[in-house]
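What follows is a single structure, written as structure tokens, with notes after it.
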Amino acid sequence: MARGAQSRYVCQTCGASVLRWEGQCRTCGEWNTLVETVVRDEPKPRPSAVVPGSAAPVPLSHAGDPGSEDRRPVGIGEFDRVLGGGLVAGSVVLLGGEPGIGKSTLLLQVAAGVALSGATVLYATGEESTGQVRLRAARLGLTTGTVGDAIRVVAETGVGRIIDLARADRPGLLVVDSVQTVASEELGGPPGSVGQVREATLRLMELAKAEGIPVVLVGHVTKDGTLAGPKTLEHLVDVVLSIEGDRTGGLRLLRAAKNRYGSTEEVGVFEMQDKGLAEVADPARAFLAEHDAPAPGSVVAPVLEGSRPLLVEVQALVAPTGAPSPRRTASGVDPNRLALLVAVLGRRAGIGLGTHDVYANLAGGLTVTEPGLDLPLALALASSLRDRPIVPGTVAIGEVGLLGELRAVGGLDRRLREAARLGFTRAVAPRARGRDAARVPGIEVVEVGSLADAVRVSLLEVAAGPRRG
Ligand code: TYD
Ligand code: MG
């Protein structure tokens, strides 16, 4: 064990630490989760201590001037957009996502971008052999020319050795794929344990800050969608990115959950193709499903992902059930919100779903958390129950309150302009209070005050005669 380091036992579930091993964590009650971890006694900065590099005070009016950080675009527009303009020297980026979603593919493409700008890249792989990385690179067409030479791959899981290599090579980018496979030689815990993941991240951060090398760490997410390892990992790094999407479909969304050098508002939209991730030309329409005929249970919503309007299709299916507690299944939408809307529909709009199973999801594997999705989701449920489609060409947006009242959402004009551009002609939206109604050329805005009214104006009248199959 290194000098100046002591060991503690850290719970792999909650991150609590104790001096001696115990069978059960006293903080969270989980069994067999304590793992030995090195704790460095770092000298506590004295109040007067001067941090090198940030010593000179600058006037607030000039603080953070553009150019005050050394930022390098990697040449992939959607990636640079999410980062806020490119990779910052000395920053540590954590890229999370489910297995098979495209993390390694994206990072090889990023590596190629850095290589094209004239720098070298060190790609440390602990998951795959160098041969496997080469195969993927060959598929992406990156094994030849300057790019093939400038990206150097090493199959290494010792974090100390990776750091030594980076110190010697001084690459323009270090990729560690993945942080769960690397381990510090000083620790007893297995790779992937909270102690190891934290220690590896801390040491790679030291490297990044000391040498000015940007470091990208791949992080696996567990089944419930959280990054494996303690939450504290997200606090340590500078930027947390995640790729999401439906693995069977092609679309991938890149988001920033945290960004010390830019906004977390931007999203990047990609499509996984034969030769890697391609930027999507018209992201606003990418998540719309195509239908031959209007389908009951489907409602299009103009949502805002940060500053970017996207049209997404909310789909719902309700089916009668004899089960005492009917199913409520949500994917891509908040299950609590779904349960609440089912209750509000029953009590405030006369649409009882108490004896029905309810399934809701967003087309394209997207996840949307904004409250404006309430109204389209509620309308999709009503449309499915009544087996009547929404009036063709209609979009809907708005938050639903507990009393069945509707609340306005921000950026309505921006959302509706995008909907109009994509050929929608009618929008159901909450009544504007104390301001002018939204007026967007090409789209008729139907303002409603309650969920019950919204249902009335949104569902298509079914003509008498044979029903659609
Ligand atoms: P990968 O980057 O290995 O995912 P991760 O590192 O997140 O586990 O990508 C895995 C999937 O992407 C795999 O199912 C194959 C697919 N893929 C393509 O469709 N096109 C491509 O050009 C590449 C390289 C991969
Ligand atoms: Mg991978």
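Remember, it's 1-based here, ligands and their atoms both numbered in the order they're listed.
Taking the side chain as every heavy atom from C-beta outward, L362 and F287 never approach each other to under 4.5 Å. No side-chain heavy atom of R415 sits less than 4.5 Å from a side-chain heavy atom of V395.
Remark: among candidates T105, L277, L95, L140, the nearest residue to atom 1 (P) of ligand 1 is T105, based on non-hydrogen atoms. Comparing G100, A278, G96 against atom 14 (O) of ligand 1, the shortest heavy-atom distance belongs to G100.
For R136, the CZ atom is densely surrounded, since the number of other residues' heavy atoms within 6.0 Å is greater than 12. Remark: K275 NZ is loosely packed, at most 12 non-hydrogen atoms of other residues, nucleotides or ligands lying under 6.0 Å away.
For R414 (side chain) and P309 (main-chain N/O), no donor-acceptor pair under 3.5 Å exists by modelled atom type. Side chain of R134 to main chain of V153: no donor-acceptor pair is present (N/O by atom type, distance under 3.5 Å, no hydrogens or angles).
Only the backbone of P99 comes within 4.0 Å of ligand 1, counting heavy atoms alone; no side-chain atom from C-beta on gets that close. Proximity of R136 to ligand 1, defined as any heavy-atom pair under 4.0 Å, is confined to the side chain (atoms from C-beta onward).
Close contacts between ligand 1 and E98 involve ligand atoms 7 (O) [criterion: under 4.0 Å to a heavy atom]. Residue-ligand proximity, K275 to ligand 1, at heavy-atom distances under 4.0 Å covers atoms 22 (O). Counting the atoms of ligand 1 from 1 in the order shown, those under 4.0 Å from a heavy atom of S104 are 2 (O), 5 (P), 6 (O).
For the Mg ion (ligand 2), the set of protein N/O/S atoms nearer than 2.8 Å consists of S104 OG, ordered by chain and number.
A salt bridge is defined here as a Lys NZ or Arg NE, NH1 or NH2 lying under 4.0 Å from an Asp or Glu carboxylate O, and E211 with R167 meets this definition. At a threshold of 4.0 Å, the pair R71-D80 does not count as salt-bridged, since none of the basic side-chain nitrogens sits closer than that to a carboxylate oxygen. Under a 4.0 Å N-O distance rule, the pair R161/E185 does not qualify as a salt bridge. Here R203 does not pair with E206 in a salt bridge; the nearest charged N to carboxylate O distance is not below 4.0 Å.
For R139, a nitrogen or oxygen atom sits less than 3.5 Å from a nitrogen or oxygen atom of ligand 1, counting backbone and side chain alike. Checking only distances, G276 does come within under 3.5 Å of ligand 1, N or O to N or O.
Under 3.5 Å, the side chains of R255 and S242 contain no donor-acceptor pair of N or O atoms. Counted by atom type alone, E36 and S7 present one or more donor-acceptor pairs between their side chains at under 3.5 Å.
Using 4.0 Å as the threshold, G97 has no heavy atom nearer than that to any atom of ligand 1.
Protein heavy atom at the shortest distance from atom 19 (O) of ligand 1 is M272 CG, 3.3 Å. The closest protein non-hydrogen atom to atom 20 (N) of ligand 1 is Q273 O, 2.7 Å. For atom 4 (O) of ligand 1, the closest heavy atom belonging to the protein is G102 N, 3.1 Å.
None of E98, E127, Q180 except one satisfies the side chain to side chain donor-acceptor pair (under 3.5 Å) rule with H220; the exception is E127.
The presence of a protein heavy atom under 4.0 Å from atom 10 (C) of ligand 1 is confirmed.
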